[in-house]
Amino acid sequence: MKISDETTAEEDIAVWRSKAPKEQLKLIRLAIETLELNQMHYENRGNEKGIIRSENAINILIQRRKEIESEL
């Protein structure tokens with residue numbers, strides 16, 4: 001699944017909820033890494049909207065990661 005904005009981040013999180021917490025953390029880590037690379041690409045291109053979309057999606061994933069970690 002490719003996360004490109006807030007909506008797809010929330011959709012993927014919903015799908016991942018059925019997985020084990022450690023698997024969710026792995027998927028979140030990979031998604032954040034990908035979004036950070038996308039964000040750097042957008043920065044190089046001067047695409048402010050892309051930067052903001054990536055940043056918002058990253059923040060949603062970080063929030064979910066914190067929720068999972070607090071449950072462990």
Side-chain angles (χ1 to χ4, degrees):
M1 293 179 211
K2 184 174 190 236
I3 297 176
S4 58
D5 58 23
E6 301 92 329
T7 303
T8 54
E10 291 169 352
E11 289 170 353
D12 282 2
I13 287 170
V15 171
W16 297 341
R17 286 183 186 274
S18 64
K19 299 185 181 299
K22 291 196 183 279
E23 179 68 15
Q24 289 184 59
L25 290 173
K26 176 184 170 188
L27 292 167
I28 288 170
R29 180 181 50 80
L30 293 172
I32 289 172
E33 289 173 0
T34 300
L35 284 163
E36 288 172 340
L37 290 172
N38 291 346
Q39 190 174 21
M40 287 189 292
H41 171 77
Y42 293 136
E43 287 171 356
N44 287 333
R45 299 278 187 209
N47 182 339
E48 189 66 31
K49 289 181 182 180
I51 295 168
I52 292 169
R53 278 194 315 268
S54 295
E55 187 174 284
N56 290 340
I58 290 168
N59 288 334
I60 289 168
L61 291 166
I62 289 171
Q63 180 60 39
R64 177 61 184 145
R65 182 179 65 198
K66 288 178 184 177
E67 290 171 6
I68 295 168
E69 289 170 345
S70 73
E71 294 170 0
L72 294 178

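The distance from atom CD of Glu6 to atom CG of Asn59, rounded to the nearest 0.5 Å, is 9.5 Å. Here the straight-line distance linking atom CG of Leu27 with atom NZ of Lys19 works out to 6.5 Å at 0.5 Å rounding. One distance of note links CD1 of Ile60 with CD of Glu55; it measures 11.5 Å at 0.5 Å rounding. The distance from the CG atom of Asp5 to the CD atom of Glu10 is 9.0 Å, given to the nearest 0.5 Å.
Leu35 and Ala57 get closest at one heavy-atom pair: CD1-CB, 3.8 Å. Residues Leu61 and Ile28 come closest through the heavy atom pair O-CG2, 3.7 Å.
For residues 24-53, the pairs satisfying salt bridge (charged side-chain N to carboxylate O under 4.0 Å, His left out) are Arg29-Glu33, with sequence neighbours left out.
Transitive grouping of hydrophobic side chains (ILVMFWY, heavy atoms separated by less than 4.5 Å) brings Ile62 and Ile68 into a common cluster.
Taking Glu67 as the reference, Arg64 meet the side-chain hydrogen bond (donor to acceptor under 3.5 Å, both in side chains) condition, with sequence neighbours excluded.
Looking at Ser54, its side chain never comes within 3.5 Å of a backbone N or O of Ile51 through a donor-acceptor pair.
Side chains of Ile3 and Thr34 form no contact here, defined as non-hydrogen atoms less than 4.5 Å apart.
With a 4.5 Å cut-off between side-chain heavy atoms of Ile, Leu, Val, Met, Phe, Trp and Tyr, the cluster of Ile52 takes in none.
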